[in-house]
Amino acid sequence: TATLLTARCPVMYAPAMHTEMWEHPATQHNVATLRTRGALVVEPATGRLTGADSGKGRLPEPAELFALAESVLSSRTDAAGSAAAPFLTMAGRRVVVSAGGTREELDPVRFLGNWSTGRQGYAFARSAAARGAEVTVVAANVELPDPAGVKVIRVVSARDMHAAMLDEARTADAVVMTAAVADFRPAARSGQKIKKDGPGPRVPGPIALTENPDILADLAARRAAHGPAGQVLVGFAAETDLDLTAAQAKLARKGCDLLVVNQVGGGLGFGAGDNEAVVLDAGGGQTPIPRRSKDALASVVWDLVAARLG
Ligand code: CTP
């Protein structure tokens, strides 16, 4: 192990045991020692254990471990990690990631929504946790297993997400908005199921919409007015036409530091395992990320964030 670490080759451990043993001071001390020596120790998942009990201690799903390994391997480990811990580039940092797609209710059984699954956001969360960050995900309608070692806050609508993100971002070093947020919601929500005919509420014509808050723009405005100074804000723009001039204008309009622009359609984007993108920065720089897994893409973006955090 020592030789491998000297060669800056990541060693990843995925310990699994009962909760009492994981939480025991001796185990925690040994895990901390491994981490200070540069090893990547994956937090166990929470759920059913080998006995009848449940808790923290499960081996994360093989697909999640594979994605993590990919994420670590695609990191430019010379970025900001120390020689002792080359891939812990976010150690001591607190990051908040939004994921999924908001739902805007029309009545108790219907909503306006979008196709976002949360896969890209969860990849960001996993990748940041692997780099040693304390990670919170604000998840809108995501049906994926929680990433191990990550705090998940569940929300439904854009307004729920707005409240949770502004609250969580207050003390964050970096915020990544991967969520597909509905720009509009129905102007009125019926308390009863809308009927096509018969008694009760009906929709006689077009559905009236009202605008939702722009979460990313509000995060940028709050940062400018009250800090935290140095916080890095990352937006996403999923576009059917890749117009980088328009995307640069969107970045400026939102007030974020980086905008990850990706094309949707053609097997890429919503629900797909892979993604490709161009990352724009506020200074006009561009970093193309050729097609790769969503975890590997997240890893490249975290390298850019870590470099900005210094
Ligand atoms: N976003 C947000 N709040 C909204 C809408 C979008 O925080 N109400 C965030 C998204 O999470 C994303 C970024 O803003 O990180 C860009 O989203 P996008 O939908 O591309 O931007 P819009 O301003 O909605 O522009 P468009 O007219 O292209 O939809």
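Start at 1 and go down the list; that is how both ligands and their atoms are numbered. Note that the numbering runs from 1 along the sequence shown for the chain.
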For this session: Verify side chain to side chain donor-acceptor pair (under 3.5 Å) between Thr171 and Arg94, making sure each step is shown before the conclusion.
Result: CA-CA 8 Å; Thr171 55; Arg94 189 169 170 264; 2.8 Å; yes
Just list the side-chain donor-acceptor pairs under 3.5 Å for residues 280-289, sequence neighbours left out, or say none.
residue	atom	partner	partner atom	Å
Asp281	OD1	Gly283	N	2.8
Asp281	OD1	Gly284	N	3.2
Asp281	OD1	Gly285	N	3.1

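- Taking OG1 from Thr27 and CE from Met21, the interatomic distance works out to 5.0 Å, rounded to the nearest 0.5 Å.
- Contacts classified as side-chain hydrogen bond (donor to acceptor under 3.5 Å, both in side chains) and involving residues 247-257 (residues at least two apart or in different chains) are given here: Asp214-Lys254, Arg223-Asp257, Glu239-Lys250.
- If you look at ligand 1, the protein residues with a non-hydrogen atom under 4.0 Å away are Met177, Ala179, Val181, Asp183, Pro213, Asp214, Ile215, Leu216, Gly235, Phe236, Ala237, Lys250, Lys254.
- Every residue two or more places apart in sequence or in another chain was checked for a ring-ring contact (aromatic ring centres under 6.0 Å, His included) with Tyr122, and none qualifies.
- When all heavy atoms of Ile215 and Ala158 are compared, the pair lying nearest together is CD1-O, 3.9 Å.
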